Participant: 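Sharing a structure here in structure tokens format.
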Amino acid sequence: MMDYVIFDLEWNQPFANDISFMKRTGLPMSGEIIQIGAIKLDEEMELVDTFNILVKPQYLTKMHKHVEELTHITTDDLSAGGLHFPDAYRQFDRWCGSDAILLTWGSDDIVMLRENLKLHGIHAKLTHPWYDAQLIYAYLMHNNLQQVALTRAMEELGLSRDELTAHNALHDSIFTGRVCKAIPLRKGMEEYESIIENVYAPAYFPDDLSFFIYENFIDKKQVFHDRRVNRAYCPLCQERMKLQRIQRLSGDKFLALGKCKIHGDFAVHWRIGKHMKKGGLLRFYVTKSVTMAPPKLHRLYEERTELNRKKEEAYLKRLGKRQRAAEVAAAAEAAKKALQEDKK
């Protein structure tokens, strides 16, 4: 019999501008799980069981103030009642069972779970089907793919919170379950592949094959002039790859496609951020990771290439207009001065 397992995670995060977590782990980590909460629903979307466990972090052992304020989970709570992640995950995996369908509100939780599995050397692939309930909700109820907060979805559906608090992994799972029960979830699941066709989120990207971090850049503009940054090597044979032009995805995220003569196409991802050095000096860092390059990443690269080309053309057009306007103004001013000279 099939069960729906709706789960939510809470995680601790590094302090602002602190990249020591990534440097210590050698992974592009954004947090360490501190709570796993889940509910199990039967085929009729009725509640069957719940799961709730605290997880003791191995690296981020001091709770971030903001996370503690949101979750009300303290360092003492985790020290006294938290299990190490491998033990907590094994319990969760057994509780899910072999026929579970996984759902989360958004894709961040599935990415965080994969990151923590890799962090702890657990080479378990998530074999259960997984669906983003937030994406399904937006598609079914708003006819778009824009993110909708879980609290807003509950308000739109007139669902009660029963005085349960948000940012508690079990409570958020219960909220998500209520939303899923109130919408034609199966319809969204049946159409999910077409829904996500043009969704470019890390949850749908391949795992990193190699990861690097470079730091101490004074100026962000220097980053891509560094050969360590702008060159990439095949993660299988270490031969230098031929890279296409690096394209900005959004903000400080960038992508290029690379080709190895032996092993074919790969994708290279960059992200620029700030970090604080000792003494309070603010510097820039960049992470670089290499993944396989499935069709989705090829499409993303082609779309961003075209979008960036149009933006550049529009910018040059505006620049040309300003230059022409400046030239006309300068010519008019010169003519005015010449006329004044003639009058003299």
Side-chain angles (χ1 to χ4, degrees), residues 11 13-31 59-60 64-67 107-108 111-112 115 147 200-203 205-235 240-259 266-291 293 297-320 322-323:
W11 55 84
Q13 62 189 44
F15 293 99
N17 303 321
D18 181 8
I19 61 173
S20 60
F21 185 35
M22 286 191 291
K23 291 173 66 176
R24 289 170 65 195
T25 61
L27 296 168
M29 299 290 298
S30 54
Y59 294 90
L60 303 176
H64 191 289
K65 182 180 178 181
H66 177 65
V67 176
S107 60
D108 290 345
V111 172
M112 183 58 58
E115 285 183 0
Q147 292 184 345
Y200 302 116
F205 292 167
D207 291 339
D208 294 338
L209 298 173
S210 58
F211 172 75
F212 307 89
I213 182 168
Y214 309 103
E215 55 185 309
N216 296 329
F217 294 97
I218 297 174
D219 188 340
K220 190 189 297 188
K221 295 177 181 178
Q222 295 177 334
V223 171
F224 283 110
H225 292 289
D226 191 309
R227 289 185 177 181
R228 297 172 303 165
V229 177
N230 62 34
R231 292 182 176 182
Y233 297 83
C234 174
R240 183 179 170 186
M241 294 190 293
K242 184 177 181 180
L243 287 185
Q244 296 185 38
R245 184 179 179 183
I246 299 172
Q247 298 293 336
R248 182 190 298 274
L249 296 181
S250 63
D252 290 321
K253 296 179 181 178
F254 302 82
L255 174 70
L257 297 178
K259 182 177 287 293
F266 293 90
V268 187
H269 312 251
W270 294 265
R271 183 173 67 84
I272 299 174
K274 297 177 182 178
H275 73 102
M276 190 76 71
K277 290 179 62 66
K278 290 181 179 180
L281 290 174
L282 195 62
R283 294 289 186 265
F284 292 95
Y285 73 92
V286 59
T287 61
K288 179 177 69 176
S289 57
V290 181
T291 70
L297 282 177
H298 276 267
R299 288 199 306 272
L300 174 60
Y301 180 80
E302 290 165 3
E303 288 177 13
R304 288 302 186 272
T305 299
E306 180 63 14
L307 178 63
N308 291 336
R309 184 189 65 79
K310 290 179 178 179
K311 285 182 177 180
E312 187 175 2
E313 285 182 354
Y315 169 75
L316 292 175
K317 189 175 181 179
R318 291 195 302 271
L319 185 63
R322 286 198 294 267
Q323 287 178 338

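Fair warning: this is a prediction, and the values are worked out from it, not measured in the lab. Throughout, residue positions are numbered sequentially from 1 according to the sequence presented. All values below were derived from every heavy atom in this structure, side-chain atoms included, with hydrogens, water molecules and symmetry-related copies excluded.
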Participant: Mind listing the closest non-hydrogen atom pair of P14 and S30 along with its distance?
Facilitator: CD-O, 3.6 Å

Participant: With the threshold set at 4.0 Å, does a side-chain nitrogen-carboxylate oxygen contact exist between D219 and K221?
Facilitator: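 No, this pair does not count.
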
Participant: Does some side-chain heavy atom of V111 sit less than 4.5 Å from a side-chain heavy atom of P202?
Facilitator: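 In short, these two side chains touch, coming nearer than 4.5 Å.
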
Participant: Indicate yes or no for a side-chain donor-acceptor contact from Y59 to the backbone of T25 under 3.5 Å, with no hydrogens or angles considered.
Facilitator: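 Checking the backbone N and O of T25 against the side chain of Y59, no donor-acceptor pair under 3.5 Å is found.
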
Participant: With side-chain contact (heavy atoms from CB on, under 4.5 Å) as the test, would you mind laying out the steps for I218 and R283 before giving the verdict?
Facilitator: CA-CA 5 Å; I218 297 174; R283 294 289 186 265; 3.7 Å; yes

Participant: Less than 4.5 Å apart, side chain to side chain, heavy atoms only: is that true for Y214 and D226?
Facilitator: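 Of all side-chain heavy-atom pairs linking D226 with Y214, none is under 4.5 Å.
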
Participant: Which pair of non-hydrogen atoms, one from P206 and one from L297, has the smallest distance, and what is that distance?
Facilitator: CD-CD1, 3.9 Å

Participant: Measure the spacing between OG1 of T305 and CG of L257 and express it to the nearest 0.5 Å.
Facilitator: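 Output value for this atom pair is 7.5 Å.
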
Participant: Does the plane of the ring in H275 sit parallel, tilted or perpendicular to the ring in Y285? Use 30° and 60° as the thresholds.
Facilitator: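 Answer is perpendicular, since the angle exceeds 60°.
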
Participant: Between H64 and H66, what is the ring plane arrangement, given parallel below 30°, perpendicular above 60°, and tilted in between?
Facilitator: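 Answer is perpendicular, since the angle exceeds 60°.
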
Participant: To the nearest 0.5 Å, what is the distance between NZ (K253) and CZ (R271)?
Facilitator: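 Going from the NZ atom of K253 to the CZ atom of R271 covers 7.0 Å.
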
Participant: Salt bridge (Lys or Arg N to Asp or Glu O under 4.0 Å), that's the test. Do R309 and E306 meet it? Break it down for me.
Facilitator: CA-CA 5 Å; R309 184 189 65 79; E306 180 63 14; 2.5 Å; yes

Participant: If you compare all heavy atoms of Y301 against all heavy atoms of A256, which two are closest, and at what distance to 0.1 Å?
Facilitator: CE1-CA, 3.7 Å

Participant: Got a second to check how far F284's CZ is from F217's CZ, nearest 0.5 Å?
Facilitator: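 The CZ atom of F217 is 11.0 Å from CZ of F284, to the nearest 0.5 Å.
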
Participant: What is the minimum heavy-atom distance between L27 and F211, and which atoms define it?
Facilitator: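 Where L27 meets F211 most closely, the heavy atoms are C-CE2, 3.6 Å.
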
Participant: To the closest 0.5 Å, what do you measure between CZ (F224) and CZ (F254)?
Facilitator: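 With rounding to 0.5 Å, CZ (F224) is 5.0 Å from CZ (F254).
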
Participant: I'd like to know whether CZ of R322 has more than 12 heavy-atom contacts from other residues, nucleotides or ligands below 6.0 angstrom.
Facilitator: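 Atom CZ in R322 is packed in, count exceeds 12.
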
Participant: For the atom pair OG (S20) and CG (L60), what is the distance rounded to the nearest 0.5 Å?
Facilitator: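 Going from the OG atom of S20 to the CG atom of L60 covers 8.0 Å.
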
Participant: Take atom CD in E303; do more than 12 heavy atoms of anything else shown fall under 6.0 Å from it?
Facilitator: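 Above 12, so yes.
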
Participant: Out of V229, D252, N230, which residue meets the side chain to side chain contact (heavy atoms under 4.5 Å, CB included) rule with V223?
Facilitator: V229

Participant: To the nearest 0.5 Å, what is the distance between NE2 on H298 and CG on L255?
Facilitator: 9.5 Å

Participant: Check R304 against Q247 and note the closest heavy-atom contact, atom names and distance.
Facilitator: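 Taking every non-hydrogen atom into account, O-OE1, 4.0 Å.
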
Participant: Is it the case that more than 12 heavy atoms not belonging to R245 sit under 6.0 Å from its CZ atom?
Facilitator: no

Participant: Please collect all salt bridge (Lys or Arg N to Asp or Glu O under 4.0 Å) contacts where either partner lies in residues 19-28, sequence neighbours excluded, each pair once.
Facilitator: K23-E215

Participant: Can you see which heavy atom on Y200 is nearest to which on F205, and at what distance?
Facilitator: C-CZ, 3.9 Å

Participant: Just by modelled atom types, is the G251 backbone N or O under 3.5 Å from a matching donor or acceptor in the R248 side chain?
Facilitator: yes

